[in-house]
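Submitted below is the structure of interest, expressed as structure tokens.
Here, residue 1 is the first one in the sequence, and each next residue gets the next number.
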Amino acid sequence: MHELTMAAGILDIVQQNVAAADAGRVRAVRVRVGDMAGVVPDSLEFCFEAIVADTPYAAAFLEIDRVPALATCGECGCFTRLAQPLFVCPACGAMGMALQSGDELQVVDLELDDTVEGAA
């Protein structure tokens, strides 16, 4: 259940950026999660909703952009998408696949509500 720790880290980033920008409500938090990041997206969403429930960010929506695991073979240069955490080149069978993407866990941006409360 390390997704709870990740959700807490995401909330910390949100709080820091909202305070720095002197912003209001947060509508959405967009994160990039790689297929090899070891994160269960549904669990991360559940944990995020639970951790923001009693905060000013309770209405914030967590939007997860999945990033495929892409790797390059060090032997033949084959560039491929990895379906499993096996780093065997599908073209030549070499074990020297270098991960190019798919291990990310990044907060990409925040969507803020710039509506001023009380304005008509």
Side-chain angles (χ1 to χ4, degrees):
M1 194 71 169
H2 65 278
E3 282 82 0
L4 184 59
T5 302
M6 293 176 190
I10 292 168
L11 179 58
D12 286 345
I13 292 170
V14 169
Q15 290 172 322
Q16 291 170 11
N17 283 279
V18 167
D22 196 24
R25 295 179 19 178
V26 176
R27 289 186 187 161
V29 179
R30 185 172 302 116
V31 297
R32 296 180 74 208
V33 177
D35 285 345
M36 298 290 178
V39 176
V40 178
D42 290 345
S43 181
L44 182 60
E45 287 177 356
F46 176 80
C47 290
F48 183 79
E49 288 175 9
I51 207 162
V52 300
D54 294 326
T55 73
Y57 312 105
F61 174 75
L62 184 66
E63 181 180 321
I64 298 176
D65 296 331
R66 302 289 305 265
V67 179
L70 302 174
T72 303
C73 178
E75 294 294 321
C76 72
C78 174
F79 183 72
T80 188
R81 180 178 182 162
L82 298 175
Q84 303 175 33
L86 297 175
F87 291 84
V88 178
C89 177
C92 71
M95 298 290 290
M97 300 293 288
L99 194 62
Q100 303 299 316
S101 69
D103 59 349
E104 301 89 342
L105 176 57
Q106 302 170 310
V107 174
V108 177
D109 60 34
L110 306 175
E111 182 179 325
L112 303 174
D113 185 354
D114 58 0
T115 304
V116 177
E117 290 188 25

- [ ] Find the distance between CZ (Phe61) and CD (Glu49) and round it off to the nearest 0.5 Å.
- [x] 8.5 Å

Open item on the list: Rounded at 0.5 Å granularity, tell me how far CZ in Arg27 sits from CG in Leu110.
Closed with: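 Taking CZ in Arg27 and CG in Leu110, the distance rounds to 12.5 Å.
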
Task: Same apolar cluster (I L V M F W Y, side chains within < 4.5 Å links), Val107/Leu4 - done: yes

Task: ILVMFWY cluster, Val108 and Leu62 together (side-chain gap under 4.5 Å) - done: no

Task: Val26 to Val29 - nearest heavy-atom pair and separation - done: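 Closest heavy-atom pair between Val26 and Val29: CG1-CG2, 3.9 Å.
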
Open item on the list: Using the rule given for side-chain contact (heavy atoms from CB on, under 4.5 Å), can you reason through Leu11 versus Val52, listing the C-alpha separation, both sets of side-chain angles and the distance that settles it, and then say yes or no?
Closed with: CA-CA 7 Å; Leu11 179 58; Val52 300; 3.8 Å; yes

Task: Interatomic distance, Ile64 atom CD1 to Arg66 atom CZ [nearest 0.5 angstrom] - done: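 One finds 8.0 Å between CD1 of Ile64 and CZ of Arg66.
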
Open item on the list: Rounded to the nearest 0.5 Å, what separates atom OG in Ser43 from atom NE2 in His2?
Closed with: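 So the OG of Ser43 and the NE2 of His2 are separated by 8.0 Å.
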
Task: Side-chain (Glu3) to main-chain (Val40) donor-acceptor, under 3.5 angstrom - done: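 Between the backbone of Val40 and the side chain of Glu3 there is a qualifying donor-acceptor contact (under 3.5 Å).
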
- [ ] Work out which heavy atom in Val33 is nearest to a heavy atom in Ala37; give both atom names and the distance.
- [x]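 Of all heavy-atom pairs spanning Val33 and Ala37, the closest is CG1-CB, 4.4 Å.
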
Open item on the list: Working to the nearest 0.5 angstrom, can you tell me the gap between Leu82 CG and Leu99 CG?
Closed with: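 It comes to 6.5 Å.
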
- [ ] For the residue pair Cys89 and Glu75, establish whether any side-chain heavy-atom pair is separated by less than 4.5 Å.
- [x]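 Cys89 vs Glu75: side chains apart.
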
Task: Taking every non-hydrogen atom, the tightest pair across Ala69 and Asp35 - done: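 Scanning both residues, the minimum pair turns out to be N-OD2, 3.9 Å.
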
- [ ] Locate the shortest heavy-atom distance separating Leu44 from Ala7; write the atom from each residue and the value.
- [x] CD1-N, 3.9 Å

Open item on the list: Is it the case that atom CD in Gln100 sees more than 12 heavy atoms from other parts of the structure closer than 6.0 Å?
Closed with: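 Yes, because the 6.0 Å sphere around CD of Gln100 holds more than 12 heavy atoms from other groups.
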
TODO: Might you point out which heavy atoms bring Ala60 and Phe48 nearest each other, and give the distance in Å?
DONE: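 Looking at all heavy atoms of both residues, the shortest contact is O-CE2, 3.9 Å.
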
Task: Minimum heavy-atom distance between Cys78 and Met97, given as atom pair plus value - done: O-CE, 4.4 Å

Open item on the list: Is it the case that the side chain of Ser101 and the backbone of Pro68 share a donor-acceptor pair, with hydrogens and angles ignored and the cut-off at 3.5 Å?
Closed with: yes

Task: Approximate separation, where rounding is to 0.5 Å, of Arg25 CZ and Leu112 CG - done: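 If I round to the nearest 0.5 Å, the distance is 11.0 Å.
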
